[in-house]
Amino acid sequence: MNDDFLHRIRVEPPAGFMANLKARLDRQLPPAAAAPRRSLFRVLAFGLLFGGAVFAISLLTVNGLPDFARNLVQTRHHDSKPDAAGHSDTAARLSGSSDSTSARTSQHATEGSNDAGGKLNRPRSTGAPGVANSSGTTTQSIAGGGSARLRPVMNLVTPKVLQEYMRSVADDFGRRVYNPRLSVTTTETTTEALAQFCSSAGTGESEPAPDFASVPRRITRAEFEVCTRNVGNIAEVPLGYQAIVLARSKLYGTLAMSASDIFLALAAEIPDPAHPETLITNPNTTWDNVNAALGREPIEVFGPPAQSMTGIAFREILFAAGCNSFPTISALKKTDGARYERVCSTFRKDAAYVEMPEEPFDSFQTLQSHPNSIAVLAYGMFQSFVGFPQNNETLTTIPIGGVEPTRDTISAGTYPGSRALYLYVNQGRAFASASFWIAPLVETARGFGRRYSVIPPGASQAPLAIGKSSGKLPDLKM
Amino acid sequence: MTLEQAAPERMQELTGTEDLDWDAVYADQAPRVYNYFRFRLGREADVEDLTARTFERAWRSRAHYRRDLAGFSTWLFKIAQNVRLDFLQSQRGHLPIDAALEVAADGTPEKEAELNSDLARLSTLTKNLPDRERELIALKYGAAINNRLIAQLTGLSESNVGTILHRVVQTLRSRW
């Protein structure tokens, strides 16, 4: 068959493309091993074993222990020696969680008193702090007030986007201030976190109302009114700013984008240009498909993992802002909330948006090897890039809505890719009014900010007018 | 010639263990997939993008590849076929980009012009062929895989693949 004319059409792929693709494939995580297939026999054997165990436990529960086992337990019970308080170990184990909690609390209080000359902001206003009373709770004098009952744990509620950050803060706070500890509760959204903070009842017996809320936006007037009605006065402390930047190699210059351009480029579904009332699978492959003013370059964006702090922030700050700029989609919020959430939070799954671990070196390498591409980075990480002169000469940021991401535009709130983080304090709670707990907490949070790309507030924006041993945060007025 | 044909014992060894030499697989298969898309689309535009998508998808799920169900080439080209279908769906309503605008990176300008011209001519001649026959041409001459693998990928018998290809090539040559 004379088919040379067809063979001649084959070509070798461009070497640059082959090398780039290989580099991208090599950056993928190694594949997880496929789950081994279980044989039917093994499944049956396991099922029989498990079923038998369940049956035996059920039988024991219904009929009680057989005689020989009962005798054995009684013998051991008599052998165990009572402690100083006259309780045996077995009795202590069986006495229930409330007793064990008391024991633990008592131990904390004792250790706290031993450490009364501790290193950081331990209350010293009156006598020896942390004296355990008979019920196991801690009574402590608080500056500016009388004696109040304090729990050994303070509660902080925060949305998922700040979970990692606030857990690190809580861990470090626990190391610096042994007692009380800081417990962090996470909610899906900021609204839920503030609702929990403003609830007088808390979420249950084991989780009382939070003392603090750490959230990535300011409380609204409506929320503030509910809060003051339910829990009394609250205080507001700015923790810093979170900002997302789009960075690119300087080789092909910068692009001027808006949040809606970003949404049209990266969303899984977008409004059909011909029929804006319907949503279609995103067909855009080049930037000029998105906005004729942008160049005819392929859409290639490297972003953080979806569930990382930067990934959630990117989705909530820029992607959602772009999504809401389309009336068709924002109207969905009222008619079909689930669809709205999905459209405004789902990135396309093709090669236009590629998740990349938040490693500075990887990000820099990617931008160098893919000069057309754009990387989504936390502002702090970008700053760490351009701290090196060679990176400063090769990388640039993309202005959003005509505003360059700088420290000034971020702290002024004019850069669309940024938002402020706040700590809200329940002034009515005994712990919260003890300002000596808040100072180390805020210091710790601001200290950890750098690690999580949180930009600290400027000197004029940090009215943390709380004394180390006395004083009270000013009540928030709106 | 496919990797299986070139070194069957090596491919057997590679695909039978977890220590698959992915560099070798990539070096062998990437040009095939690349040319498969060139033949299918009849232009240079989007070829790199689709090739990259195919490999990224394959690399992500390579742990799930099962040798007892299909050869590696068969598995990879199934992914490529799916990627092309996804692409076509996403392109509905969009005019194809002019093939003549794109110039390959390697070779002399004359050679490139000739190749592009041949590709454009093939695209014109196969435009009215049934999709099945265009797929056979792309797999045979773009991906350069044998009739047995093509039969597995298309669901046709091996002899049927040979017969159809012979007829289509005769027709194309007469009009070339």
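So you know, we letter chains A, B, ... as the sequences are listed, proteins then strands, and number each from 1. Remember, it's a predicted structure, so these values are computed and weren't measured experimentally.
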For this session: Report the residues that fulfil ring pair (Phe, Tyr, Trp, His ring centres under 6.0 Å) with A:H275, sequence neighbours left out, ordered by chain and then residue number.
Result: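 With neighbours one apart ignored, the set is empty.
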Exercise. Ring pair (Phe, Tyr, Trp, His ring centres under 6.0 Å) with B:F37: which residues, sequence neighbours excluded?
Worked result: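 Listed in chain order: nothing, the list is empty.
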Exercise. Among B:V47, B:T51, B:I137, B:V83, which has the most heavy-atom pairs under 4.5 Å with chain A?
Worked result: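 If we count pairs closer than 4.5 Å to chain A, B:T51 comes out on top.
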Exercise. Can you pull out the residues in residues 338-354 of chain A with any heavy atom less than 4.5 Å from chain B?
Worked result: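 Listed by number, the contacting residues are A:D350, A:A351.
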Problem set entry | For A:R315, all residues meeting salt bridge (charged side-chain N to carboxylate O under 4.0 Å, His left out), sequence neighbours excluded | none
Exercise. Looking at B:D46 and B:R40, does any basic side-chain N land under 4.0 Å from a carboxylate oxygen?
Worked result: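 Salt bridge absent between B:D46 and B:R40.
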Exercise. Do A:D4 and A:R8 meet the salt-bridge criterion of a basic N to acidic O distance under 4.0 Å?
Worked result: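 So A:R8 does not pair with A:D4 through a salt bridge.
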Problem set entry | Test salt bridge (Lys or Arg N to Asp or Glu O under 4.0 Å) applied to B:D23 and A:K22, step by step | CA-CA 8 Å; B:D23 291 346; A:K22 185 68 173 56; 2.6 Å; yes
